[in-house]
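Data block below; observations after.
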Amino acid sequence: MSKNLFVKDGKHRGVSVFGWDQDNETAIVELLRNNVEWVAVTPFFYQRDQQTVEINVPEEIGKWSRRDSLFIRSIQQLHAKGIHVQLKPHLWMRGGWRSNIKLPSDDAWDKWFESYRKNMIHYAQMAEMTKVELLCIGTELKTSVKKQPKKWHSLVKEIKTIYSGKLTYAANWDGEFELIDFWHELDYIGIQAYFPLTKRKNPELDDIKRGWVRHIKKIEAFSKKHNTPILFTEVGYKSEAFATIKPWEWDSFYGILLNTKSNRTQQLAYEAMFELLWAKDWFAGVYIWQWDTRTPIENTHENLDFSPRYKPAENILAKWYGKPEN
């Protein structure tokens with residue numbers, strides 16, 4: 001069972017988990033062994049590209065598909081072990097990035113948002129039914145946030161009539177979180193915290209910590225301005241030498257070209273973050289991107305991806321997650 005240190009210090013000791021199955025007992029025991037207390041469960045919904053006017057929507061809102069049922073069962077299994085859940089629906093597209101959606105007219109934007117609203121109401125109903133503790137209402141939708149602020153306010157209000165738990169939005173680190181004007185309606189300022197930290201590969205711990213200074217000053221001031229805690233809805237580092245230069249890169253050009261494996265860089269990146277942020281009273285915690293339950297241990301020596309599983313960074317998570325802040 002979870003130690004539930006969250007009740008003592010309010011810190012989210014989280015990971016974003018992928019690879020759910022019908023029976024997740026082994027995977028959940030592994031999370032508990034690493035002192036994980038919060039898990040982001042991430043259903044994906046889909047649009048083709050940045051110019052697509054309407055997102056795919058469920059056939060019937062609140063009617064669960066086989067895929068939905070897999071997530072519901074996983075949430076139930078997590079709750080049975082005392083693990084808290086953030087339901088974090090993600091818009092996924094084959095071409096482009098959801099933060100740069102570009103539509104030709106106000107009418108097209110209205111159609112897009114209505115399809116987005118239907119998806120979120122579907123998942124708000126799932127969140128209420130499963131009693132998840134936190135619902136993320138959007139992830140990295142910068143152009144919509146700028147174009148449609150009134151619709152976002154309305155969506156928050158509608159969700160609150162359905163779902164009784166806590167709310168956040170996952171804004172990208174590079175200025176999006178400063179554009180949002182509905183933070184006062186949410187419980188956490190969610191940041192996708194892929195801040196650039198160093199300019200060189202294979203950094204030392206002090207190099208990484210120096211890279212955090214300006215970012216910490218900015219988000220601390222922002223938290224105090226809005227009187228709302230900061231939650232890292234995602235933060236992740238690949239196990240490669242360039243991981244702290246552009247942490248957001250999925251397929252690093254340098255990593256592919258040079259195959260610069262570095263478990264040490266990943267490990268130090270997490271250590272620096274925890275040393276500098278964990279004790280801050282305005283910092284509500286973190287969700288590590290990502291924890292893949294399907295990672296084979298025999299591939300770890302050549303694996304450059306984000307998952308800290310079977311890597312030295314796993315020990316950093318277990319160490320920091322295992323001690324109460326207060």
Open item on the list: In this structure, would V7 and V36 fall into the same cluster of hydrophobic residues linked by side-chain contacts under 4.5 Å?
Closed with: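 Per the 4.5 Å side-chain linkage, V7 and V36 are not co-clustered.
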Open item on the list: Hydrophobic clustering (ILVMFWY, side-chain heavy atoms < 4.5 Å, transitive) - are L205 and L197 grouped together?
Closed with: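 L197 and L205: one cluster.
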What I want to find out is whether [X] reaches [Y] closely enough, with some N-O distance under 4.0 Å, to be called a salt bridge.
{"X": "E240", "Y": "K201", "result": "no"}
{"X": "D107", "Y": "K111", "result": "yes"}
{"X": "R264", "Y": "E204", "result": "yes"}
{"X": "R13", "Y": "D9", "result": "yes"}
{"X": "D23", "Y": "R73", "result": "no"}
{"X": "D292", "Y": "R294", "result": "yes"}
{"X": "K199", "Y": "D207", "result": "no"}
{"X": "K88", "Y": "E234", "result": "yes"}
{"X": "K63", "Y": "D68", "result": "no"}

Quick one: are [X] and [Y] in side-chain contact, heavy atoms under 4.5 Å?
{"X": "I137", "Y": "V156", "result": "yes"}
{"X": "K246", "Y": "P196", "result": "no"}
{"X": "K209", "Y": "E275", "result": "yes"}
{"X": "L78", "Y": "V41", "result": "yes"}
{"X": "L231", "Y": "Y287", "result": "yes"}
{"X": "I230", "Y": "K280", "result": "no"}
{"X": "Y188", "Y": "L134", "result": "yes"}
{"X": "L70", "Y": "Q22", "result": "yes"}

Within 6.0 Å of [atom1] in [X], more than 12 heavy atoms from elsewhere:
{"X": "K157", "atom1": "NZ", "value": "no"}
{"X": "E114", "atom1": "CD", "value": "yes"}
{"X": "N299", "atom1": "CG", "value": "yes"}
{"X": "K160", "atom1": "NZ", "value": "yes"}
{"X": "R67", "atom1": "CZ", "value": "yes"}

Open item on the list: Does R309 form a salt bridge (charged side-chain N to carboxylate O under 4.0 Å, His left out) with E30? I'd like the steps, not just the answer.
Closed with: CA-CA 10 Å; R309 189 165 175 248; E30 190 175 43; 2.8 Å; yes
Open item on the list: So which atom in E37 and which in N4 form the shortest heavy-atom distance, rounded to 0.1 Å?
Closed with: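 Nearest pair, atom of E37 first, then N4: OE2-N, 3.1 Å.
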Open item on the list: So which atom in P229 and which in S223 form the shortest heavy-atom distance, rounded to 0.1 Å?
Closed with: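 Closest approach of P229 to S223: CA-OG, 3.9 Å.
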When the aromatic ring centroids of [X] and [Y] are compared, is their separation below 6.0 Å?
{"X": "W282", "Y": "H226", "answer": "no"}
{"X": "F222", "Y": "F177", "answer": "yes"}
{"X": "Y116", "Y": "W112", "answer": "yes"}
{"X": "F45", "Y": "H90", "answer": "no"}
{"X": "W20", "Y": "F71", "answer": "no"}

- [ ] Show your working on side-chain hydrogen bond (donor to acceptor under 3.5 Å, both in side chains) between E133 and H79 and close with a plain yes or no.
- [x] CA-CA 10 Å; E133 292 84 352; H79 278 166; 3.1 Å; yes
Rounded to the nearest 0.5 Å, how far does [atom2] of [Y] lie from [atom1] of [X]?
{"X": "I72", "Y": "Q77", "atom1": "CD1", "atom2": "CD", "answer": "12.5 Å"}
{"X": "S144", "Y": "W109", "atom1": "OG", "atom2": "CH2", "answer": "5.5 Å"}
{"X": "K238", "Y": "L304", "atom1": "NZ", "atom2": "CG", "answer": "6.5 Å"}
{"X": "D106", "Y": "Q148", "atom1": "CG", "atom2": "CD", "answer": "8.5 Å"}
{"X": "N263", "Y": "L268", "atom1": "CG", "atom2": "CG", "answer": "11.0 Å"}

Just checking, any donor-acceptor pair under 3.5 angstrom between side chains of [X] and [Y]?
{"X": "E314", "Y": "N34", "value": "yes"}
{"X": "H153", "Y": "E185", "value": "yes"}
{"X": "T52", "Y": "D49", "value": "yes"}
{"X": "Y310", "Y": "E298", "value": "no"}
{"X": "N100", "Y": "K142", "value": "no"}
{"X": "S239", "Y": "K261", "value": "yes"}
{"X": "E220", "Y": "H215", "value": "no"}
{"X": "Q192", "Y": "N172", "value": "no"}

- [ ] Sequence neighbours left out, what passes ring pair (Phe, Tyr, Trp, His ring centres under 6.0 Å) with F274? Give chain and number order.
- [x]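 Scan of F274 (ring pair (Phe, Tyr, Trp, His ring centres under 6.0 Å), adjacent residues dropped) gives W278, W320, Y321.
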TODO: Evaluate ring pair (Phe, Tyr, Trp, His ring centres under 6.0 Å) for Y270 paired with Y237, printing each intermediate quantity in order.
DONE: CA-CA 8 Å; Y270 283 121; Y237 304 99; 5.2 Å; yes
TODO: Using the six-membered ring wherever Trp is involved, compare the ring planes of F232 and W212 and label them parallel, tilted or perpendicular (cut-offs 30° and 60°).
DONE: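 Parallel.
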Open item on the list: Using side-chain contact (heavy atoms from CB on, under 4.5 Å), reason through T168 and T233 one step at a time and then give a plain yes or no.
Closed with: CA-CA 9 Å; T168 191; T233 42; 4.2 Å; yes
